[in-house]
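In what follows, a single structure is set out as structure tokens and then discussed.
Residue numbering restarts at 1 for every chain, and letters A, B, ... go by the order of the sequence lines.
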2 protein chains.
Amino acid sequence: MTQLEKNTEEKIFETAKEVFTEKGYEGARMEDISQRAGINKALLHYYYRTKEKLFNAIFDMVMGEFFENAISMMGSEAPLFKKIELFVDAYITLISKNPHIPNFIINELNRNPERLVTIFKSTPIVKNNAFGKFAEVVQEEIKKGTIEPIEPIQLIINIIGLSLFPIIAKPILMGILFKNDKKKYNEFLESRKKEVAKFVINAIRKK
Amino acid sequence: MTQLEKNTEEKIFETAKEVFTEKGYEGARMEDISQRAGINKALLHYYYRTKEKLFNAIFDMVMGEFFENAISMMGSEAPLFKKIELFVDAYITLISKNPHIPNFIINELNRNPERLVTIFKSTPIVKNNAFGKFAEVVQEEIKKGTIEPIEPIQLIINIIGLSLFPIIAKPILMGILFKNDKKKYNEFLESRKKEVAKFVINAIRKK
DNA sequence: GTCTATACACTGATAGAC
DNA sequence: GTCTATCAGTGTATAGAC
């Protein structure tokens with residue numbers, strides 16, 4: 001039970017992460033963060049000096065973690081179709097648990113596109129070259145004639161787009177298709193795991 | 001040449017549309033809008049009273065227009081495959097010209113989900129029931145055995161997601177895949193018009 | 001480390017002259 | 001209708017006591 005009570009710095013970080021990812025940089029309020037964390041506003045500045053530094057700490061961490069997760073999912077050693085099934089399932093599961101993260105990252109990168117450069121230096125994405133490896137597998141399958149010709153980049157974007165879009169566009173789907181019925185929306189997301197994989201595999205499989 | 005000089009109210013509206021769609025409600029500054037419009041800050045309030053009213057006017061208009069456009073594209077009387085090709089092409093073209101709109105709408109709906117309800121009352125989407133008609137066409141093709149069974153909703157979301165995602169995620173693609181090469185990114189978007197249609201049709205066509 | 005009180009800057013909004 | 005000047009409110013940040 002020693003660690004049940006988090007120390008203040010961690011508590012601030014966790015709370016700020018919530019607020020920033022929900023509201024974005026401009027929409028977030030230091031007052032709001034301090035209240036949710038059950039502490040005083042001045043303490044935020046004591047630990048992180050400025051709103052921007054606090055935000056940066058969170059953004060770097062969230063973005064790095066998100067990409068590492070996504071990339072590592074792509075690296076399984078299964079054959080292509082199985083790989084796709086595994087990735088889609090794991091990816092949708094991951095984002096469902098962190099539904100604000102994609103928008104959070106996109107919005108911040110729109111405000112400040114140079115951010116990507118900095119982060120990539122400290123992330124194993126480039127070194128591992130998971131995209132490259134995936135592309136190779138795709139090329140091999142094309143040569144073998146098991147799938148239709150397709151540029152690996154197009155395929156990767158299709159897979160990610162199909163997985164991600166219903167979560168990014170949640171408020172629209174909720175309003176239009178599901179009439180604010182949370183349960184139906186969640187069932188739909190769950191159904192996407194198989195649906196997307198099936199759709200992608202159908203699209204590329206040579207019959 | 002009589003209309004080259006827009007009247008002030010229109011000028012404000014157009015400029016505010018730019019700023020709000022780029023920066024979002026929280027990030028937008030009345031001062032910024034007035035300066036870009038080449039007028040005084042007080043004039044904004046003279047015409048629109050408050051920031052929120054100005055924003056609402058723009059949001060309602062942008063959202064309404066965007067959905068009407070999207071829906072009308074879905075309503076062509078072509079056979080299904082041709083319909084998909086036409087829609088994807090027109091849709092990607094539309095968003096390419098207004099790349100900030102999707103994020104703008106999604107962010108605002110996250111801040112204020114009830115907005116959808118209001119807007120739908122004054123938009124011909126529900127009446128025309130374009131989604132419903134599209135769904136019928138899909139069902140017919142399934143019965144005829146020309147395409148694999150698929151829920152129409154899943155198909156629609158796949159089509160929109162595949163078209164929209166590369167534009168929503170532009171800063172990520174630009175940073176990772178295209179190394180900030182605008183030309184390459186635009187070429188990629190252009191290639192998506194055929195790629196997405198082909199991918200979708202391959203996925204559902206029964207062979 | 002944590003709090004209260006407060007300084008300081010910014011932004012939305014209004015008053016009033018022209 | 002359009003401007004300048006200014007107010008009031010809010011949000012970030014700091015000073016200083018405990």
- B:Glu187 and B:Lys184 ion-paired at < 4.0 Å: no
Measure the distance from [atom1] on [X] to [atom2] on [N] and round it to the nearest whole Å.
{"X": "A:Glu26", "N": "C:dG12", "atom1": "CD", "atom2": "C1'", "answer": "15 Å"}
{"X": "B:Glu52", "N": "D:dG9", "atom1": "CD", "atom2": "C1'", "answer": "16 Å"}
{"X": "A:Met30", "N": "D:dT12", "atom1": "CE", "atom2": "P", "answer": "6 Å"}
{"X": "B:Glu9", "N": "D:dG1", "atom1": "CD", "atom2": "C1'", "answer": "12 Å"}
{"X": "B:His45", "N": "C:dG16", "atom1": "NE2", "atom2": "C1'", "answer": "16 Å"}
{"X": "B:Phe55", "N": "C:dG12", "atom1": "CZ", "atom2": "C1'", "answer": "16 Å"}
{"X": "A:Asp32", "N": "D:dG11", "atom1": "CG", "atom2": "P", "answer": "10 Å"}
{"X": "A:Asn40", "N": "D:dA13", "atom1": "CG", "atom2": "C1'", "answer": "12 Å"}

- Compare side-chain N and O positions of A:Arg29 against OP1 and OP2 of D:dT10 and report whether any pair is under 4.0 Å apart. no
- Message: Please tell me if A:Thr8 has a side-chain N or O lying less than 4.0 Å from either OP1 or OP2 of C:dT2.
- Response: yes
- Query: Out of C:dT14, C:dG12, C:dC3, which nucleotide sits closest to the side chain of B:Arg49?
  - Reply: C:dT14
- Ranking A:Tyr46 and A:Lys41 by the position along DNA chain C of their nearest nucleotide, the one closer to 5' is A:Tyr46
- Query: Sub-3.5 Å donor-acceptor pair from the side chain of A:Lys41 to the main-chain atoms of A:Met30, do we have one?
  - Reply: no
- Message: Take a 6.0 Å sphere around NZ of B:Lys193 and say whether it holds more than 12 heavy atoms from other residues, nucleotides or ligands.
- Response: yes
- For the residue pair A:Tyr48 and A:Phe13, does the interplanar ring angle fall in the parallel (under 30°), tilted (30 to 60°) or perpendicular (over 60°) class? tilted
- Message: So B:Tyr47, base contact, sugar-phosphate only, or nothing? Heavy-atom distance under 4.0 Å.
- Response: sugar-phosphate
